[in-house]
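Notes to accompany the following structure.
No hydrogens, no waters, no symmetry mates; every other heavy atom, side chains included, goes into these values.
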Amino acid sequence: MFAAACACGGSSHAPAASGDQLGAIRITGNRAIASDELEAALALHEAIGDGAAVDPYLLGLDTARIRAAYLRRGFFAATVTPAVEQRGGHQIVTFTVAEGRRAVTRVEITGLPPEVAPAAARAAVGLGDGAPFDYDTYDAAKQ
């Protein structure tokens, strides 16, 4: 029983045929978010480690993840175009980003309790008027 369990417990991905292995992921056109920051959240990294080919589902998922990162940073739009290229026996995935316009911040604080000074509340927000919008900073300021 133990031997059967061990035999079935291996990797669920078979290595891809030679020439069909994902070798690298590149992101181009991005200026507002560093490539390292975007790449860290991509599902295709597992394919590199497994020696697998590009999975179309993961490619679509990662395209949406990059776009979502831009939306969280306050971009009205960001177009992300994936491409898979065969190079030297490996597949290279390139995500090309076209950054749209980015929202700017205007802070307005209302409804403060009488014991909280407006200047103290404004200092705690962490967002400056006219600064590029960032959803994570906005979300943290709500508390």
Considering all heavy atoms, the nearest [X]-[Y] contact:
X	Y	result
L38	A69	CD2-CB, 3.7 Å
T63	V80	CG2-O, 3.4 Å
A53	A47	O-CB, 4.1 Å

R87 and side-chain hydrogen bond (donor to acceptor under 3.5 Å, both in side chains): which single residue from E85, Q91, H90 fits?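 The passing option is E85.
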The criterion is side-chain contact (heavy atoms from CB on, under 4.5 Å); which residues satisfy it with [X], sequence neighbours excluded?
X	answer
R31	E99
A121	I109, L112, V116
T94	R26, T28, I92, T96

What is the distance from atom CG of D55 to atom CG of D50, rounded to the nearest 0.5 Å? 11.0 Å
Keeping to residues at least two apart or across chains, list the salt bridge (Lys or Arg N to Asp or Glu O under 4.0 Å) pairs with something in residues 63-72. D62-R65
Residues 52-84 vs ring pair (Phe, Tyr, Trp, His ring centres under 6.0 Å), sequence neighbours excluded, gives Y70-F75
Is there a path of hydrophobic side-chain contacts, each under 4.5 Å between heavy atoms of I, L, V, M, F, W or Y residues, that connects V104 with I33?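 Different clusters: V104 never reaches I33 through Ile, Leu, Val, Met, Phe, Trp or Tyr contacts under 4.5 Å.
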Is there a path of hydrophobic side-chain contacts, each under 4.5 Å between heavy atoms, that joins I27 and L71?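 Looking at the clustering, L71 is in a separate group from I27.
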Show every donor-acceptor pair shorter than 3.5 Å between a side-chain atom in residues 122-131 and any protein atom, with sequence neighbours excluded, or say none if there are none.
| unit_1 | atom_1 | unit_2 | atom_2 | d |
| --- | --- | --- | --- | --- |
| R122 | NH1 | L127 | O | 2.7 |
| R122 | NH2 | L127 | O | 2.8 |
| D129 | OD1 | V107 | N | 2.6 |

Residues two or more places apart in sequence or in another chain: which of them pass side-chain hydrogen bond (donor to acceptor under 3.5 Å, both in side chains) with [X]?
X	answer
D136	none
R73	E37, D134
E39	none
S35	N30

Taking the side chain as every heavy atom from C-beta outward, state whether L42 and I66 have any pair of such atoms under 4.5 Å apart. yes
Which side-chain hydrogen bond (donor to acceptor under 3.5 Å, both in side chains) pairs, counting each pair once, include a residue from residues 107-119, with sequence neighbours left out? R106-E108
Taking only residues two or more places apart in sequence, or in another chain, which ones meet Y138 in a ring pair (Phe, Tyr, Trp, His ring centres under 6.0 Å)? F133, Y135
